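Below is one structure, written out as structure tokens; the observations come after it.
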Amino acid sequence: MSYKYRTVRVRGTDQIGTIARRHGSAPEIYETSKDPSTSVVPVFFPETGEIRFFDRSVLEDVVSPAG
């Protein structure tokens, strides 16, 4: 099952947001150096209406309760 919008949490915080993506496409991934392991993704925070960029290693999926 694929989710259109992935809800993620910033590790070590209570900040929860949604990975921002263009309509109908994969999430935008931005390379920050020549090393492909250091890339960032935009995360939208509905509480503040802002989009902030995070390294993928600090994001973890939030699992919604079933039901």
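Since the model is a prediction, treat every value here as computed from it, not as a measurement. Sequence positions, counted from 1, serve as the residue numbers for this chain.
With sequence neighbours excluded, the residues satisfying side-chain hydrogen bond (donor to acceptor under 3.5 Å, both in side chains) with Arg11 are Glu60. Residues passing the side-chain hydrogen bond (donor to acceptor under 3.5 Å, both in side chains) test with Gln15: none are found, sequence neighbours excluded.
Of the listed residues (Val10, Val8, Thr7), just one forms a side-chain contact (heavy atoms from CB on, under 4.5 Å) with Val43, and that residue is Val8.
Of all heavy-atom pairs spanning Phe53 and Val40, the tightest one is CD2-CG2, 4.1 Å.
A continuous path of Ile, Leu, Val, Met, Phe, Trp and Tyr side chains, each step under 4.5 Å between heavy atoms, connects Val58 with Phe45, placing both in one hydrophobic cluster.
We find the CD1-CZ distance between Ile19 and Phe44 to be 14.0 Å, quoted to the nearest 0.5 Å.
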